[in-house]
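Let me begin by presenting the structure, written as structure tokens, before commenting on it.
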Number of protein chains: 2
Amino acid sequence: MDHREPSSLHARIRDAILRLDLAPGQRLSERGLEPEFGASRTPIRAALMRLESEGLVRRDARGWAVAPIDLDEIRAISEFRETIESAAVRLAGIRASREDLEALLDLASSADSVETPENSLVTGTSFHLELARLSGNEYLRTAMEGVMTRLYRTRWLEVQSVESRERVHAEHEALVAALLVGDVTGAERAATSHLRGTESRLVESLQGSRLRLRANGIPVEGGRA
Amino acid sequence: MDHREPSSLHARIRDAILRLDLAPGQRLSERGLEPEFGASRTPIRAALMRLESEGLVRRDARGWAVAPIDLDEIRAISEFRETIESAAVRLAGIRASREDLEALLDLASSADSVETPENSLVTGTSFHLELARLSGNEYLRTAMEGVMTRLYRTRWLEVQSVESRERVHAEHEALVAALLVGDVTGAERAATSHLRGTESRLVESLQGSRLRLRANGIPVEGGRA
DNA sequence: GATACCATATTGGTATACCACACCGCAGCC
DNA sequence: GGCTGCGGTGTGGTATACCAATATGGTATC
């Protein structure tokens with residue numbers, strides 16, 4: 001690290017996991033993380049417990065491990081997400097002000113989200129999180145946050161190609177456009193088809209890259225196909 | 001407690017909160033809980049952190065406090081719950097086996113759930129949790145668990161009258177009955193109207209008992225009415 | 001050569017000492 | 001009499017020592 005570290009320990013370990021610096025499935029030990037993150041066991045333990053509740057880290061009889069990427073889990077989360085997101089769209093359609101929606105459109109239209117995978121990932125996350133916030137329901141927002149966190153690592157695959165990034169970009173814009181003209185059912189439909197397309201492409205890439213990921217030492221569990 | 005304590009520290013503090021032995025809003029200190037629960041700060045701290053992630057305890061600049069009961073939050077959770085529950089019913093209608101549904105009907109029909117407030121509370125919680133489990137989606141189940149936990153304390157009010165308990169009992173039976181004959185939309189409708197009725201009665205009782213609760217030193221925040 | 005056993009290192013779990021900060025009350029000064 | 005400053009007390013945050021359980025690897029024996 002060449003600059004100071006303003007983030008909390010939790011945020012730093014979280015980022016290491018989300019950026020795949022800590023590989024899925026990798027075992028972690030509290031003492032082993034001490035030198036790496038320059039903290040003692042107590043705060044590291046606290047961070048791990050919080051990460052456990054966010055689904056990024058697991059604890060078993062043998063100790064801690066970075067949560068593996070599991071195809072069946074991805075499918076279940078995607079299904080859950082569909083519920084959350086369509087409720088969020090519906091409520092946002094009722095409650096969001098025009099200014100809110102225009103700000104959301106700005107976010108969705110942000111051109112540089114297409115430029116790099118990381119931009120696309122970050123902007124896409126913000127978009128869905130902001131949409132959930134506009135539902136006016138804090139619990140929907142929190143649920144969406146959990147979903148985005150749990151899907152983040154696999155979405156690295158989704159944003160690799162510029163075509164994918166452009167498609168996501170366009171679908172986000174279309175969704176907000178529908179909301180802006182008061183077409184809530186259209187927006188819901190746009191959200192659902194966006195998610196279904198995204199999920200199937202995600203699962204496909206994941207299946208396609210299982211061998212590659214495994215070759216890099218990243219275990220990929222589950223998956224019927 | 002007249003019997004040994006097999007439960008984890010987390011479960012014991014959780015129960016104390018849910019049974020209102022620890023009052024909503026009450027401040028907690030890590031050292032203060034040591035003698036009360038016979039553990040040292042480290043595990044108490046761990047339990048508090050977990051309870052924080054479950055929404056039963058809060059942390060602010062001044063320290064820890066039992067989460068207050070807030071009318072606006074109840075409304076938001078109820079709205080969130082409607083989303084979760086109707087998705088759960090729909091998926092359970094698709095995926096649950098006949099045996100699963102019959103077991104659920106047994107649970108819903110259990111006569112002693114009407115007898116005492118505590119029975120009604122416990123059985124009702126199990127019912128909705130089991131229903132969510134039958135959705136086959138672990139994330140829906142977890143979300144339902146969070147919802148039931150957050151609503152548990154206010155539901156003490158709902159289960160006071162025998163009429164309430166009987167009504168809940170009947171509505172649960174009707175919901176499963178609809179699922180058993182394959183009437184998924186009917187079951188969804190039953191769930192939604194059940195929740196809406198429950199919520200409005202809940203909020204009403206809560207408003208009605210604000211003064212009483214406050215008189216007992218239990219703070220009740222929020223509420224437009 | 002295989003197997004059983006024992007020493008050891010590593011794990012998370014717990015207890016506790018110390019720290020910095022913040023609030024509160026009392027006392028002394030203006 | 002009121003205001004200001006200072007000390008005491010209580011808070012969570014951190015570091016660390018110790019414990020029990022377990023996995024592991026090497027060695028000795030059969």
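Computed from a predicted model, the values in this text were never measured in an experiment. Just so we're on the same page: letters track the sequence lines, and every chain starts at 1.
We find that CD of Glu30(A) is positioned 15 Å from P of dT16(D), with the value rounded to whole Å. Nucleotide dT14(D) holds its C1' atom 11 Å from the CD atom of Glu34(A), rounded to whole Å. Put simply, CD1 on Ile44(B) is 12 Å from P on dT11(D), counting in whole angstrom units. When the C1' atom of dT22(D) is taken as reference, atom CZ of Arg27(A) falls 13 Å away, rounded to whole Å.
For the pair Leu22(A) and Glu36(A), the minimum side-chain heavy-atom distance is below 4.5 Å.
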Using the 3.5 Å cut-off, write out each protein N or O paired with an N or O of nucleotides 17-22 of chain C and the distance between them.
{"residue": "dC18(C)", "atom": "N4", "partner": "Arg31(B)", "partner atom": "NH2", "Å": "3.2"}

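Arg165(A) meets the salt bridge (charged side-chain N to carboxylate O under 4.0 Å, His left out) test with no other residue; sequence neighbours excluded. For His194(B), the ring pair (Phe, Tyr, Trp, His ring centres under 6.0 Å) criterion is met by His128(B), His172(B), not counting sequence neighbours. Arg41(A) meets the salt bridge (charged side-chain N to carboxylate O under 4.0 Å, His left out) test with Glu30(A); sequence neighbours excluded.
Taking every side-chain heavy atom of Ser29(A) into account, dG12(C) is the closest of dG12(C), dT14(D), dT11(D). The side chain of Thr42(A) has dT16(D) as its nearest neighbour among dT16(D), dG12(D), dA15(C).
Using a 4.0 Å heavy-atom distance criterion, Leu28(A) is classed as a sugar-phosphate-only contact.
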Subject >> Verdict with reasoning, Asp72(A) to Arg75(A), per side chain to side chain contact (heavy atoms under 4.5 Å, CB included) >> reply: CA-CA 5 Å; Asp72(A) 292 332; Arg75(A) 291 198 187 90; 2.9 Å; yes
**OP:** Evaluate salt bridge (charged side-chain N to carboxylate O under 4.0 Å, His left out) for Glu82(B) paired with Arg90(A), printing each intermediate quantity in order.
**Re:** CA-CA 13 Å; Glu82(B) 210 173 297; Arg90(A) 187 166 33 82; over 6 Å; no
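Within residues 49-62 of chain B, the residues approached by DNA chain D to less than 4.0 Å at the level of any non-hydrogen atom are Arg59(B), in residue-number order.
Side-chain contact check for Arg155(B) and Ser120(B): no donor-acceptor pair (N or O, by modelled atom type) lies under 3.5 Å.
For Arg95(B), the CZ atom counts as densely surrounded, since its 6.0 Å shell holds more than 12 non-hydrogen atoms of other residues, nucleotides or ligands.
Nearer the 5' end of DNA chain C, as judged by each residue's closest nucleotide, is the contact made by Leu48(A), out of Leu48(A) and Gly38(B).
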Atom pairs and distances, donor-acceptor, side-chain atoms in residues 101-109 of chain A, under 3.5 Å, two or more places apart:
{"residue": "Glu102(A)", "atom": "OE2", "partner": "Arg98(A)", "partner atom": "NE", "Å": "3.2"}
{"residue": "Ser109(A)", "atom": "OG", "partner": "Leu105(A)", "partner atom": "O", "Å": "2.8"}
{"residue": "Ser109(A)", "atom": "OG", "partner": "Glu173(A)", "partner atom": "OE2", "Å": "3.0"}

